[in-house]
Amino acid sequence: MQPSIEQAWEPFREKMKETDESPPVTEWNELFRAALAAKDAPAKVIWVLERMRETGRKPTAGTYEILLEVCLVQGDRAAAFLLVEKMWADKVLLGDVS
């Protein structure tokens, strides 16, 4: 069973504090996958996405695929539209996301 995003966030955050660097995008993506089963997942992944961006790590098309899947699973159109706006800001082309 996959940990909740809250369970996954704490050791992730501690690792960033210890190493004083942002993990690679692949590790962020694993953290986002933990949100797929969360009840209020869209809000949580958007919060984590902002933390990712604050560390200077740029989300990829693959990252946005995971995030949009969270919105699809939860049926949250508003969050999906917000993510598309963030994709634009991150210069990730909509055509690059399947």
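Only heavy atoms go into these numbers, but all of them, side chains included; no hydrogens, no water, no symmetry mates.
Looking only at side-chain heavy atoms (C-beta outward), V73 and E69 come within less than 4.5 Å of each other. The shortest distance between side-chain heavy atoms of F12 and E30 does not fall below 4.5 Å.
Looking at every heavy atom in both residues, S22 comes nearest to R57 through O-NH2, 2.6 Å. Between P23 and M16 the shortest heavy-atom distance is CD-CG, 3.4 Å. In this structure, G62 and N29 approach most closely via the heavy-atom pair C-ND2, 4.3 Å. The nearest pair of heavy atoms linking C71 to A80 is SG-N, 3.6 Å. A pairwise comparison of heavy atoms in A41 and V70 identifies CB-CG1, 3.3 Å as the closest pair.
Placement of W47 and L31 within a single hydrophobic cluster is found when ILVMFWY residues are connected by side-chain heavy-atom separations under 4.5 Å, directly or transitively. With hydrophobic clusters built from ILVMFWY side chains whose heavy atoms lie under 4.5 angstrom apart, W88 does not share a cluster with F81.
Ion pairing of E18 with K15 is absent here, as no side-chain N (NZ or NE/NH1/NH2) approaches a carboxylate O to less than 4.0 Å.
With rounding to the nearest 0.5 angstrom, the CG atom of D90 is 6.5 Å from the NZ atom of K58. Taking CG from D76 and CG from L68, the interatomic distance works out to 11.0 Å, rounded to the nearest 0.5 Å. Atom CZ of R53 is separated from atom OG1 of T55 by 11.0 Å, given to the nearest 0.5 angstrom. Rounding to the nearest 0.5 angstrom, the gap separating the CE atom in M87 from the CG atom in L49 is 11.0 Å. Rounding to the nearest 0.5 Å places CD1 of I66 at 12.0 Å from CG of L83.
A tilted orientation is assigned to the rings of W28 and W9, their planes being inclined by 30° to 60°.
The number of heavy atoms from other shown groups lying within 6.0 Å of CZ (R77) does not exceed 12.
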